There are 2 protein chains.
Amino acid sequence: MAKKKISIKDIAKSLGISITTVSFILNGKAKEKRISEDLTKKVEEYIKEVGYKPSHLAQSLRLGKSKVIVFMVEDISNQFFASIARKIEEKAYKNGYKIIYCSTNNDPEKAKALIETFKVRSVDGFIITPTPNLESTITDLVDEDFAVLLFDRWIPSIDCNYVIVENEKSAFEATTHLINNGCNKIGFITVESDQIQMNDRLKGYTKAMEVHGFPKDILMLPFQNPVDQGLSYKIQLFLQKNSELDGLFFATNYLAFEGLQALNTLKKRIPNDMLVVSFDDHYFFKLFQPNISAIEQPLEVISQKLMEGMLMMLDDQIADKQGFRIILPNTLHVRESSDAKK
Amino acid sequence: MAKKKISIKDIAKSLGISITTVSFILNGKAKEKRISEDLTKKVEEYIKEVGYKPSHLAQSLRLGKSKVIVFMVEDISNQFFASIARKIEEKAYKNGYKIIYCSTNNDPEKAKALIETFKVRSVDGFIITPTPNLESTITDLVDEDFAVLLFDRWIPSIDCNYVIVENEKSAFEATTHLINNGCNKIGFITVESDQIQMNDRLKGYTKAMEVHGFPKDILMLPFQNPVDQGLSYKIQLFLQKNSELDGLFFATNYLAFEGLQALNTLKKRIPNDMLVVSFDDHYFFKLFQPNISAIEQPLEVISQKLMEGMLMMLDDQIADKQGFRIILPNTLHVRESSDAKK
DNA sequence: GAATAATGCTAAAAGGATTTACCAAAAATA
DNA sequence: TATTTTTGGTAAATCCTTTTAGCATTATTC
């Protein structure tokens with residue numbers, strides 16, 4: 001039953017005028033191009049009547065802009081990325097942009113392949129959580145005049161805009177929080193990876209421990225996606241081997257979830273036996289008994305900055321496209337009774 | 001520094017042959033169109049050498065297919081939808097399709113506007129969790145030959161393919177499970193909405209209660225997005241007013257999260273004071289102490305069926321495009337010690 | 001009244017592909 | 001040798017817009 005899509009040509013023919021005229025009117029250039037008001041009105045009415053909508057595809061081809069932004073993250077089903085997705089979606093749509101998402105699984109080859117397929121789709125911009133070894137691919141992208149914005153993690157060696165958070169500083173603060181509440185044997189649970197944000201968190205922990213002259217206990221779990229079933233068990237073993245630990249700092253929330261299970265299995269109580277803090281706040285931490293302290297990334301601000309930066313770069317007027325480097329502060333939420341061990 | 005994109009025309013000129021020939025070779029029609037092997041090889045090598053990639057935009061314009069599928073859900077940051085997103089992404093990309101997402105917030109006007117903007121972008125298909133009052137919009141879509149697949153909820157009054165789960169049956173089972181474990185005053189916590197899946201869950205509960213001749217206690221919370229802060233408190237009031245309740249059935253997981261908080265505040269213990277079950281399983285339910293029973297929707301199968309149906313509809317060969325109506329069974333996970341109250 | 005300026009509009013190119021219809025030249029057939 | 005068939009390709013239309021350059025008229029100026 002598919003009724004044939006009406007084109008600008010059809011309109012021109014029906015009205016006995018030229019395509020050019022219709023196009024000018026459609027693009028609000030009637031005045032500028034000296035189309036008479038009478039004709040303008042007539043065309044506008046006809047357009048409304050037949051419900052004509054220009055083909056975005058043809059426009060994109062002609063103008064070389066597709067009004068599409070790619071949102072390439074490690075895993076779109078991860079709550080953190082999904083939340084950002086939701087927020088940038090809103091802002092993008094408001095500005096006439098659509099968002100295509102994809103997940104890299106932190107696999108460089110997959111990331112490269114995805115970027116390649118998007119190049120040929122003439123997307124306008126990329127918001128990316130880079131995988132390792134993506135330097136040259138991203139540099140190319142920037143050279144080819146795509147708008148590129150890294151987030152969550154960045155790549156120090158290349159010249160590219162980004163929006164990230166203060167990983168090291170917040171990790172330092174969180175560790176210090178544990179220390180100030182009586183912990184001196186604090187374990188750091190993280191994941192084996194080149195991801196710079198993870199490294200920065202480790203640095204923050206390390207620095208805080210060194211400042212106080214405390215020994216470090218670090219558990220580097222293998223990186224995997226999806227989350228391995230045995231993760232909780234591995235943490236449990238680590239806790240048993242280091243039974244003197246009185247504090248735990250999880251580098252990201254899904255590690256904390258697994259860790260909480262391990263603590264439960266071992267009948268270690270929070271906050272009496274162990275003080276816990278996690279990077280990346282989560283609804284769960286407030287639900288869990290007792291509530292778990294966590295570092296909250298400013299999702300709303302991150303999203304807002306992401307779109308702000310994107311739109312700035314996409315807007316040809318702006319000369320300085322290389323000055324958008326945003327580092328945002330996090331918030332440490334102290335939740336379990338904080339003087340538990342004092 | 002943006003190096004100019006090379007086009008099929010450039011190749012033809014460089015090699016001193018016609019555009020047509022290049023196109024035939026690119027599309028693997030060299031043999032069919034009787035292009036000599038010599039020339040074919042020469043062109044293929046040149047293409048590889050200059051790294052030519054056809055413009056997807058131009059192809060889409062010419063062929064009328066964009067290889068884009070819209071994934072329109074209530075809220076992409078919801079774990080359920082985000083998980084589906086992740087899974088269909090994989091399958092879509094494997095088949096050369098990209099996915100644009102958008103969230104309706106369950107607002108019919110927003111949904112209609114979104115669908116309108118996508119029509120002009122010549123997307124090929126829509127995977128939709130319909131809002132209320134979307135009947136005519138979706139019928140139009142189907143009439144205009146877009147591939148449309150509803151999921152999570154469907155619209156009985158219109159002729160459109162879908163992939164859903166057995167809401168009523170599973171709700172009946174879950175309620176029966178509570179009854180079999182000694183509950184006879186079971187509260188049903190749901191949300192005020194026209195969404196058919198919510199209604200079906202209510203029906204399942206109602207039926208089970210009526211079969212056993214037990215009184216029903218239903219709490220209809222106002223629909224809202226994002227989740228209201230006072231939700232937990234409202235559930236708490238309900239529990240206080242109906243202090244004789246010994247079982248609770250939550251129509252969806254985020255209600256259960258709020259409910260668990262309320263139970264905690266009221267010092268009601270699970271399973272001793274109250275047996276609980278929730279629709280939509282969640283990682284949390286396994287983490288929570290004690291573990292919470294829940295009905296798990298088959299995410300993997302749902303995703304697989306969605307893409308299977310989509311691809312089938314997009315594949316022009318298939319004649320019967322109206323025969324894809326899938327209803328999938330869920331799994332009830334019984335987690336707290338099941339004989340608690342026997 | 002002739003030259004200039006303004007008015008109102010349009011033809012055609014461009015963007016990058018696919019595809020139909022056709023055309024020479026060479027080979028095969030009669 | 002004359003005719004038909006096959007081979008190896010190409011020109012041009014098409015998808016739908018945007019935009020440059022220009023062209024008749026009419027109005028204005030001197």
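On a predicted model such as this, the values are computed, not experimentally measured, just so you know. Each chain gets a letter, A, B and so on, in the order the sequences are listed, and its residues count up from 1.
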* Structure fact -> Contact check, residues 113-121 of chain B vs DNA chain C, heavy-atom distance under 4.0 Å, returns none

* To do: Round to the nearest Å and state the distance from B:L63 atom CG to C:dA17 atom P.
  => 12 Å

* Output every pair passing salt bridge (charged side-chain N to carboxylate O under 4.0 Å, His left out) with a member in residues 13-41 of chain A, not counting sequence neighbours, ordered by first then second residue. => none

* **Interatomic distance where NZ belongs to A:K9 and C1' belongs to C:dT10 [whole Å]** => 16 Å

* Full working for side chain to side chain contact (heavy atoms under 4.5 Å, CB included) between B:D159 and B:V142 -> CA-CA 9 Å; B:D159 191 32; B:V142 174; over 6 Å; no

* Asked: Atom CD1 of A:I8 to atom P of C:dT10: distance rounded to whole Å?
  -> 12 Å

Listing, residues 17-25 of chain B side-chain donor-acceptor contacts under 3.5 Å, not counting sequence neighbours, or none:
residue : atom : partner : partner atom : Å
B:S18   : OG   : B:T20   : N            : 3.3
B:S18   : OG   : B:T21   : N            : 3.2
B:S18   : OG   : B:T21   : OG1          : 3.0
B:S23   : OG   : B:N27   : ND2          : 3.4

* Indicate, with a heavy-atom threshold strictly under 4.0 Å, whether A:K29 touches base, sugar-phosphate, or nothing. => sugar-phosphate

* Structure fact -> Separation of C:dA11 atom P from A:K13 atom NZ, nearest Å, is 13 Å

* Asked: To the nearest 0.5 Å, how far apart are CZ in B:R153 and CG in B:L134?
  -> 11.0 Å

* For B:L61 and D:dA13, give me the distance from atom CG to atom C1', rounded to whole Å. => 13 Å

* Structure fact -> When rounded to whole Å, the NZ to P distance for the pair B:K31 and D:dT6 reads 19 Å

* Asked: Hey, are B:K42 and B:E49 close enough for a salt bridge, meaning a charged N less than 4.0 Å from a carboxylate O?
  -> no

* Structure fact -> Expected string for nucleotides 20-25 of chain D under the B/S/- scheme (protein heavy atoms, under 4.0 Å, primed atoms plus P, OP1, OP2 as sugar-phosphate) is B-----

* Which part of the nucleic acid, if any, lies within reach of A:I19 when heavy atoms closer than 4.0 Å are counted: base, sugar-phosphate only, or nothing? -> base

* To do: May I ask you to decide whether A:E45 forms a salt bridge with A:K48, counting only side-chain N to carboxylate O separations under 4.0 Å?
  => no

* To do: Would you tell me if any nitrogen or oxygen in the side chain of A:S18 comes within less than 4.0 Å of OP1 or OP2 on C:dA11?
  => no

* Derivation of the side chain to side chain contact (heavy atoms under 4.5 Å, CB included) call for B:T129 and B:Q197 -> CA-CA 11 Å; B:T129 62; B:Q197 84 281 19; over 6 Å; no

* Structure fact -> Per nearest nucleotide of DNA chain D, the residue lying toward the 5' end, B:G16 or A:S23, is B:G16

* Asked: Does B:S36 have any side chain to side chain donor-acceptor pair (under 3.5 Å) partners at least two apart in sequence or in another chain, and if so, which?
  -> none

* Asked: Do side-chain atoms of A:N78 reach the backbone of A:F80 as a donor and acceptor pair under 3.5 angstrom?
  -> yes

* **B:K5 side, atom NZ; B:D10 side, atom CG - distance, nearest 0.5 Å** => 11.5 Å

* To do: Let me know the distance between CG of B:L26 and C1' of D:dG9, rounded to the nearest Å.
  => 16 Å

* Atom CD of A:Q59 and atom C1' of D:dT17: how far apart are they, to the nearest Å? -> 7 Å

* Asked: Quick one: do B:R86 and B:E90 make a salt bridge, cutoff under 4.0 Å?
  -> yes

* B:N105 and B:S103: side chain donor to acceptor below 3.5 Å -> no

* Asked: Which of residues 35-57 of chain A have a heavy atom under 4.0 Å from DNA chain C?
  -> A:I35, A:S36, A:L39

